[in-house]
Amino acid sequence: MTNKLVVLASGTGSNFEAIAKACKDKKLNAKIELLIVNKQNAKAIDKAKKYGISYIYNDFKGENYYEIINVIKEISPTYIVLAGFLKVLKEDFVNTFYNKIINIHPSKLPQYKGLNAIKRAYENKDNEIGVTIHYVDEGVDTGKIISQEVVNVEGLNLEQAEEKVHKLEHKLYVETLKKLIEV
Ligand code: GRF
């Protein structure tokens with residue numbers, strides 16, 4: 001059985017692309033059924049087109065929230081994967097899909113929750129910057145941790161550090177999903 005995934009993204013979509021590629025290359029026994037973006041100009045849309053993945057836009061506001069819940073229920077995915085999704089999900093959503101929503105965050109949680117985590121760790125002169133995959137609850141980057149790794153950023157400039165962290169993100173997200181769906 002091929003696992004079904006739904007991905008939620010707001011921006012570039014490099015994590016979405018890493019997962020899409022792993023599915024295409026059969027490194028991950030899963031199919032991304034749908035990409036949902038909450039920004040009309042999200043670059044992730046170009047990646048969906050590139051991989052032939054269906055996508056929809058929804059602002060996750062008011063009644064639209066319930067439309068999204070119904071769309072996802074209809075798909076009944078194994079996991080809902082947040083990949084740079086810059087919106088805190090409402091309790092209703094989290095409760096409906098409890099333990100099925102996972103997120104990636106570029107820090108060694110519980111350190112540096114929230115926005116600009118890499119920059120804050122870098123400016124704090126941390127030698128290592130982490131990546132965490134965790135279940136999503138109603139808080140911001142507070143859910144149960146599934147996996148965590150760090151990279152050494154000593155001697156790198158911010159741009160190089162960001163690149164190294166993103167590379168780890170792409171690897172860890174695919175590896176973690178693989179472990180989750182193969183149990
Ligand atoms: C990643 O750093 C992810 O950890 C964070 O948002 C960023 C999204 O990047 N939640 P991308 O859109 O996947 O390129």
Side-chain angles (χ1 to χ4, degrees), residues 5-25 27-28 30 32 34-51 53 55-60 79-89 93-94 97 100-124 126 128-153 156-178 180:
L5 304 177
V6 169
V7 178
L8 271 56
S10 304
T12 317
S14 69
N15 282 286
F16 162 61
E17 182 167 25
I19 298 164
K21 187 171 185 313
C23 293
K24 183 170 171 261
D25 296 346
K27 287 189 179 140
L28 201 56
I32 303 176
L34 185 66
L35 167 74
I36 305 173
V37 294
N38 69 330
K39 301 273 175 215
Q40 257 160 335
N41 56 356
K43 292 247 167 49
I45 293 173
D46 299 336
K47 281 144 194 163
K49 288 180 183 162
K50 179 173 160 192
Y51 286 87
I53 295 169
Y55 64 91
I56 55 170
Y57 160 76
N58 187 298
D59 60 9
F60 285 70
Y79 285 102
I80 299 165
V81 178
L82 309 195
F85 186 67
L86 302 177
K87 193 169 177 87
V88 179
L89 292 163
F93 189 101
V94 174
F97 304 109
K100 281 182 175 284
I101 316 168
I102 60 173
N103 183 41
I104 186 162
H105 185 72
S107 83
K108 196 174 172 199
L109 287 174
Q111 294 175 333
Y112 306 109
K113 291 175 186 156
L115 293 174
N116 303 316
I118 302 177
K119 193 160 181 267
R120 284 186 285 139
Y122 185 85
E123 284 172 356
N124 224 11
D126 291 2
E128 288 183 332
I129 297 183
V131 170
T132 304
I133 317 277
H134 64 95
Y135 288 106
V136 172
D137 60 16
E138 313 81 52
V140 177
D141 305 319
T142 49
K144 186 173 169 244
I145 292 171
I146 306 168
S147 60
Q148 196 164 59
E149 271 185 38
V150 297
V151 284
N152 191 298
V153 295
L156 303 183
N157 63 33
L158 177 59
E159 202 178 301
Q160 291 165 331
E162 280 173 341
E163 205 182 311
K164 202 167 175 186
V165 173
H166 290 313
K167 223 170 163 184
L168 170 63
E169 287 194 307
H170 304 158
K171 177 188 87 83
L172 191 64
Y173 223 169
V174 171
E175 279 177 8
T176 305
L177 274 166
K178 197 172 160 65
L180 285 173

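Remember, predicted model here, so these are calculated numbers, not experimental data. Because only heavy atoms are used, hydrogens play no part in the values below, and waters and symmetry mates are left out as well, while side chains stay in. All ligand and atom numbering here is 1-based and tracks the order in the structure.
Any N or O atom pair closer than 3.5 Å counts here, and I118 shares no such pair with ligand 1. Checked against a 3.5 angstrom limit, the closest N/O atoms of G11 and ligand 1 fall outside it.
K43 does not count as a contact of ligand 1, since none of its heavy atoms falls under 4.0 Å from the ligand. Under a 4.0 angstrom heavy-atom cut-off, A9 registers as lying outside contact with ligand 1.
The distance from atom CD1 of I80 to atom CZ of F93, rounded to the nearest 0.5 Å, is 4.5 Å. The structure places CD1 of I32 at 5.0 Å from CZ of F16, a figure rounded to the nearest 0.5 Å.
Aromatic ring centres of F60 and F85: separated by under 6.0 Å.
Summary of contacts: the protein heavy atom closest to atom 4 (O) of ligand 1 is E169 OE2, 2.2 Å. Looking only at heavy atoms of the protein, atom 10 (N) of ligand 1 is closest to I104 O, 3.1 Å. Remark: minimum distance from atom 14 (O) of ligand 1 to any protein heavy atom is reached at S14 OG, 2.5 Å. Atom 6 (O) of ligand 1 has G84 CA, 3.5 Å as its closest protein atom, hydrogens excluded (heavy atom only). Protein heavy atom in closest approach to atom 12 (O) of ligand 1: G13 N, 2.7 Å. Of the protein's non-hydrogen atoms, the one nearest atom 9 (O) of ligand 1 is N15 ND2, 3.8 Å.
Within 6.0 Å of atom NZ in K167, 12 or fewer heavy atoms from other residues, nucleotides or ligands are found, so the atom counts as exposed in its surroundings. Remark: K164 NZ is packed, more than 12 non-hydrogen atoms of other residues, nucleotides or ligands lying under 6.0 Å away. Few gaps surround NZ on K171; more than 12 heavy atoms of other groups in view lie less than 6.0 Å from it.
Side-chain atoms of T132 come within 3.5 Å of backbone atoms of L109 as a donor-acceptor pair (strictly under, hydrogens ignored).
Residue H166 has at least one heavy-atom neighbour below 4.0 Å for each of these atoms of ligand 1: 2 (O).
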E163 and H166: CA distance, side-chain angles, deciding distance, side-chain hydrogen bond (donor to acceptor under 3.5 Å, both in side chains) verdict | CA-CA 5 Å; E163 205 182 311; H166 290 313; over 6 Å; no
